[in-house]
Number of protein chains: 2
Amino acid sequence: MHAVQTAPVEVSVASLCKCLGDELRLGLVCLMGTDREVCVCDLVAALDAPQSTISRHLAQLRQCGLVVARRQGTWMYYRINGALPEWALTVIESMVVEGRRQLGLRPLQGHCC
Amino acid sequence: MHAVQTAPVEVSVASLCKCLGDELRLGLVCLMGTDREVCVCDLVAALDAPQSTISRHLAQLRQCGLVVARRQGTWMYYRINGALPEWALTVIESMVVEGRRQLGLRPLQGHCC
DNA sequence: TTCGTATATCCGGATTAACGAATATATTAA
DNA sequence: TTAATATATTCGTTAATCCGGATATACGAA
C-alpha cells in the first residue's frame, strides 16, 4: 500500500501555513488526513458550507501543492499530496491530529459515491 | 537550563498557522528558533523592515500566545512561548528549520545590547 | 525634572482574501 | 442529441490584513 512518491515538490513554509490558517481549509485537510482520499460531496456535507466555497478552497490547496485531485467519472477525489517533502508531511500530520480535536472532526471513512 | 514550563496554553491550530503564514512573522520566529531569546533591535536589523512593522507583528505573535516578551531596561527580549503544547512546539521546530533555509536566515546569536 | 533611546500603538490608505449566488464545464445515462 | 448530476469558475460585494509615518509610552541617565 502507500503509493511511493516521485521527487518532492517545493513548497514554501509561509504559503503552506497561509493555507492552513483558514478554518475551512484546515477542516478540509483534517478530513483527508495524510493518507485518505475523499470526494468533494463528502467534504461539502461534513463541513456544511456552500459547494462553491468548498471548491474554491480546494482549488487553493491544489494550487499550493498541498493536495492532489483525481477524477473518477463525475466525482473528484482529493488527497494530501504524497510528493510533499518530509517536513511538510510531518507538520501536516501533527496539525491534523490536533486540528481534528479542536474542530470536532473525524477522518472520513468510506465513500459517499 | 531550559526553563520548565507551567501548564500548556491552548492555541488554535488555525490561528497559529495564520501567524506563520506571513513571511515577516515567519522570519521573526525563525530568528528566535525554539530556544533563543532575541531583542527587538536585532530583529529589526536582521529583517530590514521598519520598526513599527516589526513591533506590530511581534504584538500579533504575542497575542496568539506564540511568543512571550521580557523587558530588561529599555530593551524587550522575545522568545517562543515554552508553555505551548507539545504539538505546537513540534510544528514550530519543523517549520523553523525549513523556514530558515527558505528565507536565508541564521538563528541570531548573542545580543546587540 | 529633561533628554535620548527603545519599543509600542495609532490611523488612514492600499492590498488582499473570503463569501456565495449565478453560471459554466465535465461526465454519464438515456 | 437531451437531461441530470458533480464540480469548477466568475464576479461583485464585504471583510480582513498589511503597511509605515507619526505619535505615544517606558525606561535610564544626567
Side-chain angles (χ1 to χ4, degrees), chain A residues 12-29 31-32 37-79 81 103 108 110-113, chain B residues 12-29 31-32 37-79 81 103 108 110-113:
Chain A
S12 116
V13 176
S15 60
L16 183 146
C17 289
K18 196 174 294 185
C19 269
L20 299 178
D22 176 273
E23 276 208 3
L24 211 31
R25 286 190 298 267
L26 178 63
L28 291 169
V29 170
L31 289 170
M32 297 181 209
E37 196 176 51
V38 301
C39 81
V40 177
C41 51
D42 281 333
L43 295 169
V44 170
L47 292 176
D48 194 34
Q51 178 265 325
S52 72
T53 297
I54 298 290
S55 191
R56 188 163 27 80
H57 283 295
L58 283 170
Q60 244 176 294
L61 291 173
R62 195 158 16 98
Q63 166 161 5
C64 215
L66 239 150
V67 306
V68 291
R70 175 178 69 89
R71 176 181 290 279
Q72 182 173 310
T74 37
W75 299 283
M76 291 290 286
Y77 292 94
Y78 281 82
R79 61 158 66 227
N81 183 359
L103 302 177
L108 291 177
H111 294 152
C112 68
C113 20
Chain B
S12 117
V13 176
S15 61
L16 182 146
C17 289
K18 197 174 294 186
C19 268
L20 299 178
D22 177 272
E23 275 209 2
L24 210 32
R25 286 190 297 267
L26 178 63
L28 291 170
V29 170
L31 289 171
M32 296 182 211
E37 195 175 53
V38 301
C39 81
V40 177
C41 52
D42 281 332
L43 296 169
V44 170
L47 293 176
D48 193 34
Q51 178 266 324
S52 71
T53 297
I54 297 290
S55 191
R56 185 164 29 82
H57 284 295
L58 283 171
Q60 245 176 292
L61 292 173
R62 195 158 15 99
Q63 166 162 1
C64 216
L66 238 149
V67 306
V68 290
R70 176 177 70 89
R71 176 181 289 280
Q72 183 173 309
T74 38
W75 299 283
M76 292 290 286
Y77 291 95
Y78 282 81
R79 60 159 66 224
N81 183 359
L103 302 179
L108 292 177
H111 295 153
C112 67
C113 21

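The figures here come from the full heavy-atom set of this structure, side chains too, leaving out hydrogens, waters and symmetry mates. Note that the structure is a prediction, hence the values are computed from the model and not measured. Chain letters run A, B, ... following the sequence lines, proteins first, then strands; residues in each count from 1.
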Item checked: Least distance between heavy atoms, B:Ala14 atom then A:Leu26 atom -> N-CD2, 3.8 Å
Notebook entry, point to check: Which atom pair, heavy atoms only, marks the closest approach of A:Met32 to A:Val38?
Noted result: CG-CG2, 3.8 Å
Next item on the list: Identify the two heavy atoms, one from B:Val67 and one from B:Leu58, that lie closest to each other, and give their separation to 0.1 Å.
Entry: CG2-O, 4.3 Å
Item checked: Under 4.0 angstrom between A:Lys18 side-chain N/O and D:dT17 OP1 or OP2 -> no
Checklist line | Chi angles and distances behind the side-chain contact (heavy atoms from CB on, under 4.5 Å) call for A:Leu20, B:Leu20 | finding: CA-CA 10 Å; A:Leu20 299 178; B:Leu20 299 178; over 6 Å; no
Check: Rounding to a whole Å, what distance do you find between A:Asp42:CG and D:dA6:C1'?
Finding: 13 Å
Next item on the list: Might you confirm whether atom CD of B:Gln60 has over 12 heavy atoms from other residues, nucleotides or ligands at distances under 6.0 Å?
Entry: yes
Notebook entry, point to check: Among A:Arg70, A:Arg62, A:Glu37, which residue meets the side chain to side chain contact (heavy atoms under 4.5 Å, CB included) test with A:Tyr78?
Noted result: A:Arg62
For residues 45-53 of chain A, tabulate all N or O donor-acceptor pairs below 3.5 Å that involve a side-chain atom, not counting sequence neighbours.
{"from": "A:Thr53", "atom 1": "OG1", "to": "A:Arg56", "atom 2": "NH2", "distance (Å)": "3.4"}

Note to self: Distance check needed: C:dT7 P versus B:Leu47 CG, whole Å only.
What the structure shows: 14 Å
Checklist line | Distance, nearest 0.5 Å, that separates CE of A:Met76 from OG of A:Ser55 | finding: 8.5 Å
Next item on the list: Answer yes or no: does a side-chain N or O of B:Tyr78 lie under 4.0 Å from OP1 or OP2 of C:dA8?
Entry: yes
Check the interface with nucleotides 28-30 of chain C: list each N/O to N/O pair with the protein under 3.5 Å, or write none.
none

Check: For B:Leu108 and B:Leu43, what are the C-alpha separation, side-chain angles and deciding distance, and is it a side-chain contact (heavy atoms from CB on, under 4.5 Å)?
Finding: CA-CA 9 Å; B:Leu108 292 177; B:Leu43 296 169; 4.2 Å; yes
Margin query: Expressed as a whole number of angstroms, how long is the span from B:Tyr77:OH to D:dC27:P?
Written below: 15 Å
Note to self: From CG of A:Asp48 over to P of C:dC19, roughly how many Å is that when rounded to an integer?
What the structure shows: 13 Å
Margin query: So for A:Gln51 and D:dA8, does any side-chain atom that can act as donor or acceptor lie under 3.5 Å from a complementary atom in the base?
Written below: yes
Notebook entry, point to check: Pick the nucleotide of DNA chain C nearest each of A:Leu24 and B:Trp75; which residue has the one closer to the 5' end?
Noted result: B:Trp75
Check: Can you tell me if the side-chain N/O atoms of B:Thr53 get under 4.0 Å from OP1 or OP2 in D:dG20?
Finding: yes
Next item on the list: Can you sort out which residues in residues 54-68 of chain A have a heavy atom within less than 4.0 Å of DNA chain C? Ascending by number, please.
Entry: A:Arg56, A:His57, A:Gln60
Checklist line | Contact under 4.0 Å: A:Arg71 side-chain N or O vs C:dT27 OP1/OP2 | finding: yes
